[in-house]
Amino acid sequence: MPNPALTINGQPMGFAMAPETPLLWALRDGANLTGTKYGCGVGDCGACMVLIDGAAQPSCQITLAEAEGRVVTTIEGLGAEGPGGSHPMQRAMLAEQAVQCGFCTPGIIIAAAGLLARDADPTDAEIGAALTNLCRCGTYPRLIRAVRRAGTEMRRTAAPVESMIR
Amino acid sequence: MRAFTYQRVATPAEAVAALAAHPGARLIAGGTNLLDHMKLQIATPPHLIDINRIGLDQIETIPGGGMRIGALVRNTDLAAHPQIRRDYAVLSRAIVAGASGQLRNMATTGGNLLQRTRCPYFYDTNLPCNKRDPGSGCSAQGGYNRDHAVLGVSSACICAFPSDMSVALRVLDAVVEVMGPDETSRAIAIADFHRVPGETLPVQEFALAPGEMITAVTLPPAPGGWHVYRKVRNRASYAFALVSVAAIIEGTGGAEKGGRIALGGIGTKPWRSSAGDAAIPHGAQAVADALFAGASPTDQNRYKLLLATRTIAAVLAAAKG
Amino acid sequence: MKFETAAGDNPIDRGKVVGRATPRIDGPLKVAGHATYAAEWHDQSNLAHGYIVASAIAKGRVNSLRLEEAKWAPGVITIITAQNAGTLGQAGPNAAKLLGGPEVQHYHQALALVVADSYEAARAAAALIKPDYTRADGSYTLAAVTGASKSDGILGQPGDTALGDFAGGFAGAPVQIDATYTTPDLAHAMMEPYATIASWDGDRLTLHTSHQVVDWARRDLAKTLGMPKDHIRIVTPYIGGGFGGKLWVRADAVLAALGAKAIGRPVKVVMPRPLMFNNSVHRPATIQRMRLGAGHDGALIAIGHEGWSGNLPGGDSEGAVQFSRGLYAAPNRMTRNRLSQLDLPEGNAMRAPGEAVGSIAVEVAMDEMAEKLGMDPVAFRIRNDTQVDPEHKEKKFSQRQLVECLQTGARKFGWDRRNARPASRREGDWLIGMGVAAAMRGSPVLRSGARVRLVAGGRVIVETDMTDIGTGSYTIIGQTAAEMLGVPLNWVTVRLGDSNFPVSSGSGGQFGANSATSGVYAACVKLREAVAARLGIDPAKIKFAGTKITGSGKNVTLASAAEAGELTGEDTIDFGGIRQQRHQATFGAHFVEVGVDIHTAEIRLRRMLAVCSAGRILNPTTARSQVIGAMTMGAGSVLCEELVVDPRFGYFVNHDLAQYEVPVHADIPHQEVIFLKDPDPESSPMKAHGIGELGICGVGGAVANAVYNATGARLRAFPMTVDKLLEHMPVPG
């Protein structure tokens, strides 16, 4: 099965890489999308999170072959349609200054974006449980605020009827 | 990762046919466990069969009572299913207590049943481990075994079974449906699905025969009662259980209420016994005494007996409300 | 510039930019995923990938690496080993060789690098290498070798200190505490693993790597590779966390350089996470004996602190006892720092080396003593404060606000609501307790240089080889230059982490912020002089404000000063005089509230507060990040983090991020930080101190003391995991 093809950040993309290559390496070494980070390679840390068909998943745990035909969004493509080409969670991370070394940051933004897409009004406990991404710099309290802030923005921009049903 | 060939199949029948055609092949679905093992060369299958697009992803009501959960239903979807949350809350709670939201987006019902151990010696190919390399020995015995099992252990292996979901399925008396090479199906009671290690090798972890694939898990009619899943861990989330208790307590407020109780984190498989269930009206110590009959703790993991007793007590006290 | 006397008024005092809560200027790049970390310089064509082959034994010899199969595996270009790498030197900070063989010094020591066309090809080939070893016996249990220990100095200070008569003072003290505490081996576990892309141009080597101190990387690589330092360029503008683990050159850098040289192509080496724990460095475990003697009035009469730790031959001790040397007054004192030989992986600096774990023992012992005296723990600490270095009474502290920190914190935290009787507050299934601890961390400085350029339009470019490991260096350096030159922050471009720039202090030991901004200050002073000279303004009268320059009757734009061409100021700050005459340190107080599940002994943090005194706070936003991060790491070190030693095989068993449990989101509750913010003119022209490590000192003790207050269980072996705490818990009623 040569050149598995998938959609990455809205663009169809083929890879001249072995199909067993983890999506993480395809993104980083093949597509030069290095915002997706290697932190552990086995799904423990969350630094390699991407959206696959809208759900946040660690890209180290899916091969190129399995990803064929899927729609993948990386940090570089997140919120491309938003103001300034950014997602509310990216803006919220800056507003709350929930960034330190920045290495876990893209994965956390993706995980939060995946959470907020399902539920733009999570409780602090839900945020804490959903974001198991490791951050060794210790930005956790600010992250909670950032997710809440992004959720507020997303609720405001969502159709009012939808938010009332929720 | 050792090179392997890859095949995507479209139906369950194709999947079992592919398994039959490729000795040593493995099925891959969520990949949250197998792919990691392949990267570390704990598992080196020559052929992978991708079953992500064969269907089996529905949760259905069984006429006359009960639910049927397709093997490829993702953990996230199973835990969030309204009827599961209402009638089988212990299952929903157990799933949510495990791993992370993102892993649960990938992990499947069938794959979760087949989780391999988190024993650190299993994960390091430089070290002896009978489960990974039959006959090499069990490094956990005499080594680091604070997190290991006290029940169902043997001289070959003492590792704890890590799945939270399976503990809930055990307390729910679920049944695992499997399909064999000739497309015939059979049903395996959850109690028999996970196996304790014997003294002989290799260590058999699951009751799956070669060439068999899990197709579904069925739940008997809703059991009623008060459902709880209590997981004890050092870290507040994202850690495997030191001890977990899945329980369904019947009636509330009375002293002689009955119910069922299964334990995770303490056995080489989800642990439940009729004696344990029967002891519920007599309190936590009685339940623990029944469940831990024949326990074989090490100096490092002896605490799990007390911890389980205390956790059961907490669950029973909460049920009393 | 030489800093020798207390700083007078200077432009930093205006506080228009410095001292203001300012968002980090590297933030937008990081949230967009565009910051280039070490392994992300893909502009180089023909990049090959290296995978490290690590020892499967802890001590012994490699009889044969058995490379044959791997050599012919698909995609493999070459395999680097000690046999074909040529003679390698060993840099001073490295106790073990970065490329081992045939002798093996520790588990997962690198023995080879497989270089291949792709990462997966290199990894697959590396797995084919099954070396033949002869194991040797090693020593892996600290408690078993404390008898064979030697005194070991701590960063230039003596290993042992004494004042008065400790033995007599302790023996005669009416109230005594004699307790032994143990802390485990701890991992930095920074999120970015070690990573390097190496490329050669003739005999010139460029490394894109992840390193805290650029000049040390050059120095140590030059020594290791046997080449001139000035032939090496280090580029490390973004670093995914360090915490001390990236102070020294590691195997990724050396092996990438060797691999790239061998194949004439750039080579990338990322250390696989499972190797991070045994291949690299960690904070060594300690055993600490604390003896405190006090009078009934609460005055300490004697303080004795002995610490034991182990390391490979040539490695350093974990100098826990230094925490006792400067904190509390007592006439009779003794510290002893002991080092034993172990064959575990190399121990080295991790965030507040010595002091972080020393503070746990000291501050728990203080809690034990306060209880025995029947005194409030805050009052007991205040009672034993000192304004002079307790070991060198002629030496004053440049600034010491420990008492203010304790008092402020007690007030803000609601300390008066604490019940001194343990296990007396219960809410549902939770036993609630509060704990306090003092924090102290030395505030060293190092020589640090920078170049500041005034370019067209009055824009400013700062260049220094200083690093930003998540600390906020970009931002505080930009703020410093903006303040000095009277421009808004967005007029300043900051370029860091490149050995083409002036040598700075680098990041580490809580010295980075104060040293590096002082270096930028010095360079700005030079630039201001150059501007004055060009514009013909008296340098003593020139003022830079609002992008304008005034003085000697002139009022012109800053841009006009650059019209005749770029102006540059470059300088290096050196420290002496008053810095040596004063004890320079930062102080704080930690307050922690925990809940402990009465059934299961699970400990959950509920509230944390730190009050910190560290001179002028250059940027409260980034400083606060540093403190809450350190509080989190310190809490982890007493609650869940522990590298478990298997003494049969001589290695850390739990070498991945699933089994080495760092705190996760759900572990960390409400955290608050209060800064006292008073400038310290004797610290530097910035009147600041570092803050990155203060937050981890003491916090573990505060957590432990809160757990005691909640449960009545006094654990002295850390971390306080359920398996240890459970049997000491009160029986649920």
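Protein chains get the first letters and strands the later ones, always in sequence-line order, with residue 1 at the start of each.
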Exercise. On the 0 to 90° scale, with breaks at 30° and 60°, tag the A:Y140-C:H665 ring pair as parallel, tilted or perpendicular.
Key: tilted

Which atoms of [X] approach chain A - backbone, side chain, both or neither, heavy atom under 4.5 Å:
X: C:A658; value: both
X: C:I469; value: backbone
X: C:Y238; value: neither
X: C:I668; value: side chain
X: C:A124; value: neither
X: C:H49; value: side chain
X: C:Y660; value: side chain
X: C:A39; value: both
X: C:M271; value: backbone

Quiz prompt | Point-to-point distance, once rounded to the nearest 0.5 Å, from SG of A:C137 to CE of C:M190 | solution = 11.0 Å

Quiz item: What distance separates A:T21 OG1 from C:Y119 OH, expressed to the nearest 0.5 Å?
Solution: 12.0 Å

Top contributor to chain A contacts, counting heavy-atom pairs under 4.5 Å, from [options]:
options: C:A195, C:P272, C:G472; result: C:P272
options: C:T632, C:L657, C:L47; result: C:L657
options: C:A121, C:G241, C:A189; result: C:A189

Self-check item: For chain C, the option from A:R28, A:M93, A:E76, A:R91 that forms the most heavy-atom pairs under 4.5 Å
Solution: A:R28

If you compare all heavy atoms of [X] against all heavy atoms of [Y], which two are closest, and at what distance to 0.1 Å?
X: A:Q97; Y: C:T22; value: OE1-O, 4.5 Å
X: C:P669; Y: A:P141; value: O-CG, 4.0 Å
X: A:D29; Y: C:H42; value: OD1-CE1, 3.8 Å
X: C:R24; Y: A:V99; value: NE-O, 2.9 Å
X: A:L94; Y: C:G27; value: CD2-C, 3.4 Å
X: A:G39; Y: C:P193; value: O-CG, 4.0 Å

Self-check item: Passing candidate, side chain to side chain contact (heavy atoms under 4.5 Å, CB included) with A:K37, options C:E192, C:E40, C:M191
Solution: C:E40

Quiz item: Do A:V42 and C:D656 touch side chain to side chain, with heavy atoms closer than 4.5 Å?
Solution: no

Quiz item: Is there a side-chain contact between C:V664 and A:T132, using heavy atoms and a 4.5 Å cut-off?
Solution: no

Quiz item: Taking 4.0 angstrom as the limit, do C:E641 and A:R136 come out as a salt bridge?
Solution: yes

Exercise. Using a strict 4.0 Å threshold on nitrogen-to-oxygen distance, state whether A:D44 and C:R273 make a salt bridge.
Key: no

Atom group of [X] that falls short of 4.5 Å from chain C, counting heavy atoms:
X: A:L33; value: neither
X: A:I109; value: side chain
X: A:S86; value: neither

Quiz item: Are a donor atom and an acceptor atom from the side chains of A:R142 and C:S625 found within less than 3.5 Å of each other?
Solution: yes

Quiz item: Hey, is the main chain of A:Q100 close enough, under 3.5 Å, to the side chain of C:K30 for a donor-acceptor pair?
Solution: yes

